[in-house]
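See structure below.
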Protein chains: 2
Amino acid sequence: MEELDRRIVQLLSRDGRLSFTDLGKASGLSTSAVHQRVRRLEERGIITGYRAVLNHDAAGIPLAALISVIPVDPAAPDDIPDRLRHITALDSCFSVAGDENYVLKVRVASPLELEELLAQIRSAANVTTRTTVVLSTPWEDRSPLAGDEAPAEDG
Amino acid sequence: MEELDRRIVQLLSRDGRLSFTDLGKASGLSTSAVHQRVRRLEERGIITGYRAVLNHDAAGIPLAALISVIPVDPAAPDDIPDRLRHITALDSCFSVAGDENYVLKVRVASPLELEELLAQIRSAANVTTRTTVVLSTPWEDRSPLAGDEAPAEDG
DNA sequence: CTTGAAAAGAATGCCGT
DNA sequence: ACGGCATTCTTTTCAAG
């Protein structure tokens, strides 16, 4: 991905409603050129969609937690994500290479709801859990691609 | 927050570029009414912005990891987030109540970059780290507010 | 909250380079 | 791959019920 595309992706990561006119001004291209590039970024699956960003505190779900998940029966077929997917309090689900099998990020309204959620997870997926409560979030879901790391080495 | 607002927030969480016309059709309101409600949701800080959603694999940063962070000197004043904020590979930073002080979510292009990133984190913030590599992501950043949990109890 | 209207702005496609 | 232009749709604001 070239420099100009990275710049466009970064701009849209910060403001997904930028008009092609404004995107053009910010990237030094014409409206048509930016439009073309964004369409290709979408076609190539680099930009997969656009979303509103919520303030979870204001939205009434101020309590976040990270939950490590380990199956009770390690020999059972692992369909844990399928068993948990319907629980909407589960923000993210990562399959990981550490002591646990999965790490979940969850959001709930209160400690009581967290307690209920943990029971729901354990019974739905037959797992044990270890929960780390989030106290505060200095930042979250920041857009990457600023390029202060090592440059792409190979492709 | 009422039912209709939750529905609107949920719709915009899934597609942040929905027109007010389509939002109205999907929520059973007129264009003007939806427009009014969205403006109020933005004013109240419930909707804080709009963003493009990236496919990190396609964008060339396929490797994610969760990094637990513990200060080398527990007595030192804790400005760890400030010391790390400039590192753009850091997607999220959570201050947590578990064994560690912080959990970072990071995205890099390769294991080599992860190695360099860890060195950068340790030297910038004077911390030790424990890293859990993400193997796959069944889902991520899903929109909440579907209300299959306990109803709001107070607030 | 609804309908309706009108003006400004954006998206989209076509045609040049 | 980029720029300019024209058409269509959306946004945004206004009015009145």
Side-chain angles (χ1 to χ4, degrees), chain A residues 1-55 58-60 141 143-147 151-155, chain B residues 1-61 109 141 143-147 151-152 155:
Chain A
M1 193 166 49
E2 341 164 13
E3 185 52 34
L4 260 163
D5 283 334
R6 284 161 64 115
R7 174 127 188 80
I8 289 171
V9 165
Q10 209 184 338
L11 287 162
L12 285 175
S13 295
R14 287 199 275 240
D15 183 354
R17 285 190 158 178
L18 273 177
S19 69
F20 292 121
T21 307
D22 289 344
L23 260 182
K25 285 174 190 164
S27 63
L29 289 179
S30 71
T31 303
S32 324
V34 179
H35 188 227
Q36 229 169 23
R37 278 179 183 266
V38 171
R39 265 199 342 121
R40 270 188 306 162
L41 286 167
E42 289 169 353
E43 279 171 11
R44 285 197 281 159
I46 292 175
I47 295 176
T48 60
Y50 301 86
R51 289 210 198 138
V53 182
L54 304 190
N55 177 336
D141 295 328
S143 96
L145 302 181
E153 35 192 89
D154 199 7
Chain B
M1 194 166 49
E2 342 163 14
E3 185 52 33
L4 262 164
D5 283 335
R6 284 160 65 116
R7 175 128 186 79
I8 290 170
V9 165
Q10 209 185 338
L11 287 163
L12 285 175
S13 294
R14 287 199 274 241
D15 183 354
R17 285 190 158 178
L18 273 177
S19 71
F20 292 119
T21 307
D22 289 344
L23 260 183
K25 285 175 191 162
S27 63
L29 289 179
S30 70
T31 304
S32 323
V34 178
H35 187 227
Q36 228 170 23
R37 278 178 183 266
V38 171
R39 264 197 345 120
R40 271 187 300 165
L41 286 167
E42 289 170 351
E43 278 170 9
R44 285 198 280 160
I46 292 175
I47 295 176
T48 61
Y50 301 85
R51 289 210 198 136
V53 181
L54 304 190
N55 178 336
H56 300 98
D57 292 344
I61 42 176
D141 295 329
S143 98
L145 300 182

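For clarity, every value in this text was computed on a predicted model and none was experimentally measured. Each chain gets a letter, A, B and so on, in the order its sequence line appears, and its residues count up from 1.
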Are [X] and [Y] packed together at the side-chain level, in the sense that at least one heavy-atom pair is separated by less than 4.5 angstrom?
X: B:D15; Y: B:D22; answer: no
X: A:L54; Y: B:I47; answer: yes
X: A:V34; Y: A:L23; answer: yes
X: A:E42; Y: A:Y50; answer: yes

- Query: More than 12 heavy atoms of other residues, nucleotides or ligands under 6.0 Å from CZ of A:R39: is that the case?
  - Reply: no
- Item | Side-chain ion pair, A:D141 and A:R51, N-O less than 4.0 Å | no
- Query: Would you call A:R7-A:E2 a salt bridge at under 4.0 Å N-O?
  - Reply: no
- Task: Nearest whole angstrom, please: distance from the C1' of D:dC2 to the CG of A:L23.
- Result: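 Nearest whole value for this atom pair: 16 Å.
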- P gap between C:dT12 and D:dT12, integer Å: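 C:dT12 and D:dT12 have their P atoms separated by 16 Å.
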- When all nucleic acid strands are considered with a 4.0 Å heavy-atom cut-off, which category describes B:Q36: base, sugar-phosphate, or nothing?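 Sugar-phosphate contact only - B:Q36 comes under 4.0 Å of backbone atoms but never of a base.
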- Query: What closest approach, in Å, do A:D5 and A:R37 show between heavy atoms, and which atom pair accounts for it?
  - Reply: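 Residues A:D5 and A:R37, closest heavy atoms: OD1-NH1, 3.1 Å.
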- Which string of ( ) [ ] | and . matches DNA chain D, if you list each base 5' to 3' and count Watson-Crick or G-U pairs only when both distances are under 3.5 Å? ||||||||||.||||||
Please list, for nucleotides 10-17 of chain C, all pairs of protein and nucleotide N/O atoms separated by less than 3.5 Å.
unit_1	atom_1	unit_2	atom_2	d
C:dA11	OP2	A:F20	N	2.8
C:dT12	OP2	A:H35	NE2	3.1

